[in-house]
Novice: 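Okay, handing you the structure first.
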Amino acid sequence: MACSPLLFLELLLYGAAFICGIVTAALVTVTQGEFGGVCILYGVSQMNASTRSLRIAAPGSASHCAFVDVASVLIAVYCFCTAFYFIYAYFLEENTRSTRCLKGCLAISAVFLLLLLTCGCLIRVGFSTFCRSVMDQAAVKRCSEAETLNWTSPIRGSKFHQNFTNAETATWVNFFLWVVIVCLLLVQWRRGRNVQLSTAVPGGASPPGRVSETDHLIPSGPRP
């Protein structure tokens with residue numbers, strides 16, 4: 001595969017998207033483990049009056065965190081496989097991708113954009129809901145201040161705000177990267193169509209074996 005500037009840029013974007021997907025999945029999984037396996041998205045906290053420590057009164061649905069984890073890992077695996085194929089094809093010096101392959105890549109990219117948009121909204125809205133309950137119960141002005149408060153064992157809430165903030169940032173960065181990838185695929189697909197149309201017959205002549213309409217009206221042979 002010829003290493004054109006567009007393909008090289010696409011390869012870099014796949015690498016960056018792979019990192020973002022792994023970071024998102026890792027941070028969500030680590031935070032869930034620090035809260036005893038409970039997903040805090042759309043969860044509700046409560047202050048224990050006797051111990052003056054926060055606890056989870058109503059955990060969020062585990063499917064929310066699972067969806068973010070699975071979608072992020074799925075996208076990361078696809079990025080890794082695609083980048084590996086690019087490198088493999090480069091050393092084999094294969095031809096560029098066909099328009100059919102580009103159409104498939106565009107369809108997959110559109111699905112990934114929808115998944116990332118859903119993940120970003122889940123983290124944004126779900127974590128904001130949990131933070132509002134924390135600020136109401138702990139009487140703090142910012143959710144990040146709750147990291148310094150005591151949490152009921154086995155919860156370790158020393159980095160929950162930082163982790164989910166970074167996970168949300170990584171998700172939206174990943175979304176932006178896939179928007180750029182879609183734009184690059186559209187450019188390559190458009191160029192591929194133009195090349196196919198322009199190289200069908202050079203100079204607008206009729207293909208070999210095909211008789212044009214003017215051939216019937218104007219004889220090509222010598223006049224008698």
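Predicted model, so just to flag it, every value in this text is computed and none were measured.
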Novice: What are the two closest non-hydrogen atoms of N163 and L27, and how far apart are they?
Specialist: O-CD1, 3.5 Å

Novice: Could you state the interatomic distance from CG (L106) to CG (L184), rounded to the nearest 0.5 Å?
Specialist: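 It is 10.5 Å, given to the nearest 0.5 Å.
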
Novice: Just verifying a value: how many Å separate I181 CD1 and I108 CD1, rounded to the nearest 0.5 Å?
Specialist: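 Rounded to the nearest 0.5 Å, the CD1-CD1 separation comes to 12.0 Å.
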
Novice: Would you say L13 and L113 are hydrophobically clustered, going by side-chain heavy atoms of ILVMFWY under 4.5 Å?
Specialist: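 Result: yes, single cluster for both.
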
Novice: What's the shortest heavy-atom distance between T24 and A170, and which atoms?
Specialist: OG1-CB, 3.3 Å

Novice: Could you tell me if the side chain of V68 sits less than 4.5 Å from the side chain of T118, heavy atoms only?
Specialist: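 The answer is no, as the side chains (C-beta and beyond) never meet within the 4.5 Å cut-off.
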
Novice: Test side chain to side chain contact (heavy atoms under 4.5 Å, CB included) on Y42 and L122 and set out the steps.
Specialist: CA-CA 9 Å; Y42 296 97; L122 274 176; 3.9 Å; yes

Novice: Looking at every non-hydrogen atom in both residues, tell me the closest pair between L177 and A17 and how far apart they are.
Specialist: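 Minimum heavy-atom separation between L177 and A17: CD1-N, 3.6 Å.
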
Novice: Do S53 and N150 have side-chain atoms, one donor and one acceptor, less than 3.5 Å apart?
Specialist: no

Novice: What closest approach, in Å, do F35 and R156 show between heavy atoms, and which atom pair accounts for it?
Specialist: CE1-O, 4.3 Å

Novice: According to a hydrophobic-cluster definition based on side-chain heavy atoms being under 4.5 Å apart (Ile, Leu, Val, Met, Phe, Trp, Tyr only), do M47 and V44 belong together?
Specialist: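 Per the 4.5 Å side-chain linkage, M47 and V44 are not co-clustered.
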
Novice: Please walk me through it: do C143 and F164 pass side chain to side chain contact (heavy atoms under 4.5 Å, CB included)?
Specialist: CA-CA 11 Å; C143 187; F164 263 98; over 6 Å; no

Novice: Kindly indicate, with the supporting measurements, whether the criterion side chain to side chain contact (heavy atoms under 4.5 Å, CB included) is fulfilled by F112 and F175.
Specialist: CA-CA 8 Å; F112 286 169; F175 179 82; over 6 Å; no

Novice: Between CD of Q32 and CD1 of I40, what distance do you get to the nearest 0.5 Å?
Specialist: 9.5 Å

Novice: Using 0.5 Å steps for rounding, measure from the CG atom of D69 to the SG atom of C39.
Specialist: 8.5 Å

Novice: Over 60° means perpendicular and under 30° means parallel, so classify the ring planes of Y88 and F84, tilted if in between.
Specialist: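 F84 vs Y88 ring planes: parallel.
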
Novice: Would you call R142 and E145 a side-chain contact if the rule is heavy atoms closer than 4.5 Å?
Specialist: yes

Novice: Do the ring planes of F130 and F160 sit parallel (below 30°), tilted (30 to 60°) or perpendicular (above 60°)?
Specialist: perpendicular

Novice: Would you say CZ of R55 has more than 12 non-hydrogen atoms from neighbouring residues, nucleotides or ligands within 6.0 angstrom?
Specialist: yes

Novice: Are Y78 and V73 close enough that some pair of their side-chain heavy atoms sits under 4.5 Å apart?
Specialist: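 Contact flag for Y78/V73 side chains = no.
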
Novice: Would you say the side chain of L116 lies within less than 4.5 Å of the side chain of I75, judging by non-hydrogen atoms?
Specialist: yes

Novice: Please report the shortest heavy-atom distance between A146 and W151, naming the atom on each side.
Specialist: O-NE1, 3.1 Å

Novice: Are F67 and I22 connected in a single hydrophobic cluster, I mean Ile/Leu/Val/Met/Phe/Trp/Tyr linked by side-chain heavy atoms less than 4.5 Å apart?
Specialist: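 No, because I22 and F67 fall into different hydrophobic clusters, even though each may have its own neighbours under 4.5 Å.
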
Novice: How many angstroms lie between atom CD of E168 and atom CZ of F127, to the nearest 0.5 angstrom?
Specialist: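 The CZ atom of F127 is 8.5 Å from CD of E168, to the nearest 0.5 Å.
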
Novice: At what distance, to the nearest 0.5 angstrom, does CD of Q137 lie from CD of Q46?
Specialist: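 If we round to the nearest 0.5 Å, Q137:CD and Q46:CD are 6.0 Å apart.
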
Novice: In terms of the angle between their ring planes, are F80 and F18 parallel, tilted or perpendicular, with boundaries placed at 30° and 60°?
Specialist: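 The rings of F80 and F18 sit tilted, inter-plane angle from 30° to 60°.
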
Novice: With the 4.5 Å side-chain cut-off for hydrophobic clustering, are V77 and I19 part of the same group?
Specialist: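 The answer is no; the residues belong to distinct hydrophobic clusters.
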
Novice: What's the shortest heavy-atom distance between S61 and S63, and which atoms?
Specialist: OG-OG, 2.7 Å

Novice: Please tell me if the side chains of Q162 and S144 come closer than 4.5 Å, counting only heavy atoms from C-beta onward.
Specialist: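 Not in contact.
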
Novice: Can you list the steps and then say if L185 with S109 is a side chain to side chain contact (heavy atoms under 4.5 Å, CB included)?
Specialist: CA-CA 9 Å; L185 291 174; S109 301; 3.5 Å; yes

Novice: Same cluster or not: are W178 and V70 linked, directly or through other Ile, Leu, Val, Met, Phe, Trp or Tyr residues, by side-chain heavy atoms under 4.5 angstrom apart?
Specialist: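 The answer is no; the residues belong to distinct hydrophobic clusters.
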
